[in-house]
Every structure is written in structure tokens, then in C-alpha cells.
Amino acid sequence: MFRYKKRLGQCFLKDKRYVIKAVEEAKLSKDDRVLEIGLGKGVLTEELCKRAGEVYVIEIDKSLSPYAEKLKEVYDNLNIIWEDALKVDLENIDFNKVVANLPYQISSPITFKLLKVGFDLAVLMYQWEFAKRMVAKEGEKDYGRLTVAVKVRAEPYIISKIPPSAFYPKPKVYSALVKLIPHNKYEIDEFFDTFLRAIFQHRNKTVRSSLISSSKEFGMDKKAMTKLLEGVNESILNKKVFQLNIDEIIKLSNIMKSLLKPL
Ligand code: SAM
């Protein structure tokens, strides 16, 4: 009998309606090469194998290999990589779409790792609260660093809310099926991510006091930051961080970058 490992986020999909929903939203054809993170017992994998040209699955738990072997007897387009998805070099896998019921403990790092290598479309399962933070709008309570870090790279859409009863073992929380479509609307670099971390450490403060409080993140003391901000427009400095929209954050990051350059 299979022993479920909570620490690996092993809540397997048992309600087939959501499996079908996920693959349909991915609009798969035999031209697609799909990446799945987490095989489980292969319920989603099987549908992917039926519809896509090639399927790559990264699974950390080797004790699931009997389920992989069974699928491999039927589908010759299935490739399993027995490794930690966070350690795999995704550049070496030739995929264009991602469909996965993600292990929730790695939701954030795996999402940004995927966004870094790029793909055409992803349909991913997250915890409901995490998904709400991804799609939030400025001014809302769920709006934060995660929202902006995702939205500058991709457009996130919640497709459906999924009850705990859709899984076995039953998780304590609701889940969400999310579609991610990457875009190149913004030019972002390492400085932008540093800036985002710094400013959202104090999301309820004004931009001015948030940047002063986070001055260490920019390698300066509070006094130097206060002086530096004299060159920035008052109206943006007086806004609360959580009220800034993405364009304003990008603009502010670029201003800060140019002000910091000569220092
Ligand atoms: N796709 C299956 C399903 O929908 O029933 C399983 C989903 S389950 C939520 C997550 C799966 O990811 C588990 O099989 C777990 O062993 C695997 N997993 C957990 N952490 C992982 C990691 N770091 N790298 C690869 N797989 C991981």
C-alpha cells in the first residue's frame, strides 16, 4: 500500500472533472511538449500523454515508480525525471506548456523558475490563498510582492476554485486552477526584484517611509536614502505601497536605479 507523504504535498487529484478541466484549458495537441511537476499516481499524466506529443514529468518520490511503469507500458511519449524539480536544469527539457497539480510547499520557487526559462502557457494548481495573491489588484488586501513579481512576467487567471474533496488525502484548504500566460511587456532585471522585495517589506507605509526603512537593502543608511529621495516626485512618494500599480512600481524602480547608479 502506498504511504502518502505530507511533506511532499502528496494530495492526489481524485475528481476526474478537474483533471479534464486542466488539460482542456491547456488546449493540448500532438504538437505540444508538456512538462508536469509531480507524477503522483499519474491521473493527470495519463490525460497529458493521450493529448500531447511529448510529456515530461519531474517527480521526487521514487516510491511512485510502479505507477510510472504502468503508464509507460501504454504510452511511449512519457519521459520521467526522478529528481527534485527545484534542482533540475529546465533549460535541458524541451517543453512549451506546463500542466501540474503542484506540490504546494514549492509553489513560489517553482513558479519563478518556470517563468525564468519561459513557456507558452501553463495550467497550474495552487492553494486558493496563493492564487488570490497572484491575481490581486492594487489596493486590495492580497496585493503584494508576489502579485507584482508574477504580473510583470505573466498574466494570471483563476479558472476555478477546487474543494478539498477533489483530492485524496483531503487537504485542509481550497485550491485553485490557474492559467499563466507569459508576456514581455516589461523590461525587468535583478535590480527590479531587489527593489520589489525592499518596498513590499512595508506594504502599508508610504513609498517614502518604506524606502527609508528598507535603505539597507540598497546598501545605504536612512539619512542617505532620505537625501536621495529629494530627487523623486512627491506625489508618488506619498502614496501607500499597496496602492501602487505595476506601471508606477516599474517607473519608481527605474528612477531609483538611475539615482543609485552614480553613487
Ligand atoms: N499530479 C498528481 C495528481 O494530480 O494527483 C500529484 C500531485 S501532488 C499535489 C504533488 C506531487 O509532487 C507528488 O507526487 C509529490 O511526490 C511530488 N513532489 C513534491 N515535491 C517535489 C519536488 N520538489 N520535485 C518534484 N516532485 C515533487
Side-chain angles (χ1 to χ4, degrees), residues 1-26 28 32 34-52 54-72 74-75 77-93 95 97-117 119 122-131 159-180:
M1 218 181 63
F2 182 75
R3 288 174 72 94
Y4 292 87
K5 297 165 197 79
K6 217 173 159 190
R7 75 188 153 81
L8 294 179
Q10 289 181 342
C11 290
F12 299 158
L13 258 172
K14 67 166 193 185
D15 189 331
K16 264 285 204 86
R17 285 174 302 173
Y18 296 108
V19 174
I20 299 301
K21 182 97 187 138
V23 291
E24 280 180 353
E25 287 288 341
L28 298 172
D32 287 315
V34 186
L35 174 66
E36 183 187 9
I37 312 289
L39 172 86
K41 293 189 179 181
V43 59
L44 181 56
T45 317
E46 177 155 27
E47 286 307 316
L48 298 175
C49 289
K50 282 183 196 166
R51 295 162 194 242
E54 213 61 41
V55 178
Y56 301 93
V57 187
I58 308 176
E59 171 58 60
I60 200 170
D61 184 2
K62 214 55 218 280
S63 73
L64 289 164
S65 60
Y67 300 99
E69 290 314 316
K70 247 190 183 165
L71 285 174
K72 285 190 115 179
V74 186
Y75 303 99
N77 57 347
L78 175 58
N79 309 274
I80 314 253
I81 300 146
W82 296 103
E83 240 187 277
D84 179 343
L86 295 177
K87 293 190 181 147
V88 174
D89 185 351
L90 297 180
E91 298 279 1
N92 293 334
I93 306 176
F95 65 97
K97 291 185 179 173
V98 191
V99 181
N101 171 15
L102 292 175
Y104 291 156
Q105 74 283 3
I106 62 165
S107 291
S108 186
I110 197 67
T111 300
F112 289 106
K113 185 169 170 154
L114 289 166
L115 285 167
K116 197 166 182 194
V117 286
F119 51 83
V123 177
L124 302 168
M125 192 94 73
Y126 293 98
Q127 272 191 20
W128 176 245
E129 280 67 27
F130 189 89
I159 299 164
S160 42
K161 186 173 184 177
I162 306 180
S165 59
F167 304 88
Y168 187 84
K170 224 167 150 178
K172 289 197 177 74
V173 291
Y174 274 75
S175 302
L177 200 56
V178 173
K179 189 187 280 188
L180 281 180

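Quick note: numbers below take in every heavy atom, side chains included, and nothing from hydrogens, waters or symmetry partners. Remember, it's 1-based here, ligands and their atoms both numbered in the order they're listed. The model shown is predicted, which means the values in this text are computed figures rather than measured ones.
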Among all protein heavy atoms, pick out the one at the shortest distance from atom 5 (O) of ligand 1; state its residue, atom name and that distance to 0.1 Å.
-> L13 N, 2.9 Å
Protein contact of atom 19 (C) of ligand 1 - nearest heavy atom, named by residue and atom, plus distance | L8 O, 3.1 Å
For atom 1 (N) of ligand 1, the closest protein heavy atom turns out to be G38 O, 2.8 Å
Which atoms form the tightest heavy-atom contact between S107 and I110, and what is the distance?
-> O-CG2, 3.5 Å
Are the side chain of D84 and the backbone of I60 linked by a donor-acceptor contact shorter than 3.5 Å?
-> no
closest protein heavy atom to atom 2 (C) of ligand 1 is L39 O, 3.4 Å
Which protein non-hydrogen atom lies closest to atom 23 (N) of ligand 1, naming both residue and atom, and how far is it?
-> D84 OD1, 2.9 Å
Check: L90 main-chain N/O paired with K113 side-chain donor or acceptor under 3.5 Å | no
Would you say E59's side chain and W82's backbone share a donor-acceptor pair under 3.5 angstrom?
-> no
Applying a 4.0 Å heavy-atom criterion (strictly less than), which segment of Q105 is in contact with ligand 1: side chain, backbone, both, or neither?
-> side chain
Could an N or O of ligand 1 be found under 3.5 Å from any N or O of Q10, whether backbone or side chain?
-> yes
Check whether any side-chain N or O of Q105 sits under 3.5 Å from a backbone N or O of R7 as a donor-acceptor pair, and report yes or no.
-> yes
Are E36 and ligand 1 in contact, using a heavy-atom cut-off of under 4.0 Å?
-> yes
Here the atoms of ligand 1 under 4.0 Å from any heavy atom belonging to A85 are 22 (C), 23 (N), 24 (N), 25 (C)
Counting only heavy atoms, which portion of L86 has something under 4.0 Å from ligand 1: side chain, backbone, both, or neither?
-> neither
A student checking ligand 1 against I106 at a 4.0 Å heavy-atom cut-off should list atoms 22 (C), 23 (N)
Please report the closest heavy-atom contact between S175 and M125, naming both atoms and the distance.
-> CB-CG, 4.2 Å
Okay, side chain of N77, backbone of C49: is any donor-acceptor separation there less than 3.5 Å?
-> yes
Could you list the atoms of ligand 1 found under 4.0 angstrom from a heavy atom of V43?
-> 5 (O)
Protein contact to atom 14 (O) of ligand 1 [nearest heavy atom, distance to 0.1 Å] = E59 OE1, 2.7 Å
Can you tell me which residue and heavy atom of the protein come closest to atom 26 (N) of ligand 1, and the distance to 0.1 Å?
-> I60 N, 3.3 Å
For L64 and L39, which heavy atoms make the closest approach, and how far apart are they?
-> O-CD2, 3.9 Å
Nearest atoms (heavy-atom pairs only) where I37 meets A100 | N-CB, 3.5 Å
Just jot down the ligand 1 atoms closer than 4.0 angstrom to any heavy atom of L64, in number order.
-> 14 (O)
Taking the six-membered ring of Y174 (Phe, Tyr or Trp), confirm whether the NZ or CZ of K161 is under 6.0 Å from its centre and within 45° of its axis.
-> yes
Here the atoms of ligand 1 under 4.0 Å from any heavy atom belonging to G40 are 2 (C), 6 (C), 14 (O)
Check whether any side-chain N or O of D89 sits under 3.5 Å from a backbone N or O of E91 as a donor-acceptor pair, and report yes or no.
-> yes
Of all the atoms in ligand 1, which lie at a distance below 4.0 Å from a heavy atom belonging to I58?
-> 25 (C), 26 (N)
Contact check, E83 vs ligand 1, heavy-atom distance below 4.0 Å | yes
Counting only heavy atoms, which portion of C11 has something under 4.0 Å from ligand 1: side chain, backbone, both, or neither?
-> backbone
Residue, atom and distance of the protein heavy atom nearest atom 9 (C) of ligand 1 read G9 O, 3.1 Å
Charged N-O contact under 4.0 Å between E47 and K50 | yes
